[in-house]
Amino acid sequence: MKQYPLKRPTQPPREPRFTIKYEEDLNTAQLAVVMTLEGPILVIAGAGSGKTRTLVYRVARLIESGVPPQRILLLTFTRRAAQEMLKRAGLLLQASCDRVSGGTFHSTANALLRKYGEAIGLGSSFTILDRSDAEDVIHLLRTSHGYNEKERRFPRKNTLAEIFSQSVNKMLPLEEVVMEDYSHFSQHIPDLVQLEKLYTHYKRQRMLLDYDDLLVRLLELLETQPSVRRRLSETYQYILVDEYQDTNKIQARIIRLLCDTHENIMVVGDDAQSIYSFRGANFRNIMDFPKEFPATRIFRLEENYRSIQPILDLTNEIINRAKEKYPKHLFTRKGDGRLPALVQAENENFQSRFVCEKILELREEGVSLSDIAVLFRSSFHAFDLEIELARCNVPFVKRGGFKFIETAHVKDVLAHLRILTNSLDAVSWMRLLLLIEGVGPKKAHAIIGTISKEGDPLKALKGLISRYPNEIQRGLMDLVKALEAVTEDHMTPSEQIGFLYHYYFPILQRKYDDYPKRMKDLEHLHTITGRYQRLPEFLADMALEPPDESVSDVAGLDREDEKLVLSTIHSAKGLEWHTVFIIWALDGKFPSAYSFMTDEELEEERRLLYVAATRAKQGLFITYPINVYDKVLGSVLSKPTRFLDDIPKDYYDTWSLIEEGF
DNA sequence: AACAAGTTGTTTTTT
DNA sequence: ACAACTTGTT
């Protein structure tokens, strides 16, 4: 850092305090984006084109040119991505970027609603429902209103949650969603509409917000409260949105309203990497952006800095066969290297063994384990490999799929904490009452009905205890005591969990015969709480940005070691590795047989393969097992993914594994 | 009414 | 292979 004399600090001329070498560090297109600070900007950024770098430099440039950090809002797909970018911007500036607001749409919505939600009748202590909580509520309403006793099959709770969510995220009427994607339930439409009303009412009464509500209520706040809208728009004078191809209509509306008093909005995206349409995202959002903001300037980043030529050649071929694409051609100055390989394996275990052996080989060659990734369409595709890796003593982390935070025992513990911040949280009350011996759905429901009318439900519960038989009395008494013990002020979340474990461990042992394993998860949870001073923050984070470790690797506590990355393709978004393995590239699995129905879904599978393959810098292996029976199709699968079908064979090597061949 | 055992149906991806 | 629903027992 340059040293300046302490005198005359306020005197002009204002030399730039820090010198960032923009011209040296950025190419022409990137530089243009970074230097254009005002007005709406759309950046079409191909895979590996230095999109993150561009965002980082632009944040730095904004701050350097005098924009206060707290006036910048950076919306990304994960909080990790936001933190990483702000860290890098901070390094450039040699100053902290802590005060830049950054995170996901959902976490930003959460923060804003806690602060300004009162304007739309929302208390600051609302509880966030994750998907399974939401399903529990829907299930409760479905049974209590007798929808499950209908003559014709009524949708299951997860289907119901899915239908409701689709309707919200695509901003379409419920009946349209049903007719479009669930036409076999069309005779239930009136009931579904009714049930969704009940669900909405239930949540509003108890200060519960599901993931979709976070976006919906923020939009409501911005739409109906002009003063809040103006205030927020004036606060966030510069807005940057990453991964714009994966935003949905609600998010686009939110952005539009946040730009109420200015149009300093920059969005970055790549239509070829749109992989979240199941969540209501629509890559046409990108093309509609200039319609929302007619003054939009469009920039294209097409130089790829990630992959060697052969990999880029293949990925270009994959995406060029997309039915609908906005033409762009990625080029690289990286040198040549090995051709990607398409590897056929006799069966799943051969595939796993091949991957293991190759990984060990790469490590011999000096490639760090953490610079290698195995990617797959669905989380369970990795099960066999996980076993094989354990056998070979290859340490790994798994991203995507079931999170340990979603396991029953962790949810049990969190439920106790949740009612401390929102005593109306009937979902959590239900959960913890059902843990008590002798209490089932009926009694739990009755108890909740009585105590939630009181101002102090805990006190009300205490008053109820004498009504019940002895065995239940004891259970309820223990619960009350435990809750009272953690209600004291000035307790950290970590201390609270410590107390609760005293109460919960006996229940854990009674309920699960594999309790030692689950106990380890709870220890892990305890460690995580240590990072938080305030309970509401901890709970919001657990719902919105849970630790991304999956169940399987929680046990391994040696965090510092380098580890191989196993990840779903969705969770690999935006990342890159020296060598990438894509396993189960078997037609019927990837693309999944479920996607054969519609062109749109099939095309999304293609983009998914594109995203996976473009993560690779130096090495790419696409593997598939053969002779796999598929129940959905009722046939044996043996062909590699169809997206490679008509690509000339000289774009990749073809390997076939035989018993001693590797 | 709660719990245990037995039967049937259903499978991605994530905030 | 697993979870949701159904039936049978306490």
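Order of the sequence lines sets the chain letters (A, B, ...), proteins ahead of strands, with each chain counted from 1.
When the ring-ring contact (aromatic ring centres under 6.0 Å, His included) test is applied to A/Phe105, no partner is found at least two apart in sequence or on another chain. Remark: A/Asp412 pairs with A/Arg431, A/Lys511 by the salt bridge (Lys or Arg N to Asp or Glu O under 4.0 Å) rule, at least two apart or across chains. Among residues two or more places apart in sequence or in another chain, the side chain to side chain donor-acceptor pair (under 3.5 Å) test is passed with A/His139 by A/Arg142. Applying the ring-ring contact (aromatic ring centres under 6.0 Å, His included) criterion to A/Tyr503, with sequence neighbours excluded, gives A/His416. Looking at residues two or more places apart in sequence or on another chain, you find a ring-ring contact (aromatic ring centres under 6.0 Å, His included) between A/Phe77 and A/Tyr276. Here A/Lys443 pairs with nothing under the salt bridge (Lys or Arg N to Asp or Glu O under 4.0 Å) rule; sequence neighbours left out. Taking A/Trp584 as the reference, A/His381 meet the ring-ring contact (aromatic ring centres under 6.0 Å, His included) condition, with sequence neighbours excluded.
Of all heavy-atom pairs spanning A/Leu160 and A/Pro155, the tightest one is CD1-O, 3.6 Å. Nearest heavy atom pair, residue A/Ile275 against residue A/Phe278, reads O-CE2, 3.6 Å.
For the pair A/Glu220 and A/Arg204, the salt-bridge criterion is met [side-chain N within less than 4.0 Å of a carboxylate O].
Legend: salt bridge (Lys or Arg N to Asp or Glu O under 4.0 Å) pairs involving residues 105-116 of chain A, not counting sequence neighbours: none detected.
As judged by a 4.0 angstrom heavy-atom cut-off over every strand, A/Arg510 is placed among residues making no nucleic acid contact. Contacts of A/His139 with the nucleic acid, taken as non-hydrogen atoms under 4.0 Å apart, involve only primed sugar atoms and P, OP1 or OP2.
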B/S/- contact track for nucleotides 7-15 of chain B, protein heavy atom under 4.0 Å = --SSBBBBB
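When rounded to the nearest whole Å, the span between CD of A/Glu135 and C1' of C/dC5 equals 15 Å. Counting to the nearest Å, the C1' atom of B/dA2 and the CG atom of A/Leu433 are 15 Å from each other.
To the nearest whole angstrom, the two C1' atoms, one in C/dA4 and one in B/dT13, are 22 Å apart. Distance check on atom C1': B/dT12 versus C/dC5 gives 24 Å, rounded to whole Å.
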Short heteroatom pairs, N/O only, protein and nucleotides 8-10 of chain C, under 3.5 Å:
none

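Near-neighbour residues of DNA chain B inside residues 440-447 of chain A, defined by a heavy atom below 4.0 Å, number-ordered: A/Gly440, A/Pro441, A/Lys442, A/Lys443.
Remark: DNA chain B takes part in the stems B:1-10 with C:1-10, each of 3 or more antiparallel Watson-Crick or G-U pairs, criterion distances under 3.5 Å.
Side-chain atoms of A/Ser592 and A/Ser595 include no donor-acceptor pair closer than 3.5 Å.
Within 6.0 Å of CZ on A/Arg131 lie more than 12 heavy atoms contributed by other residues, nucleotides or ligands.
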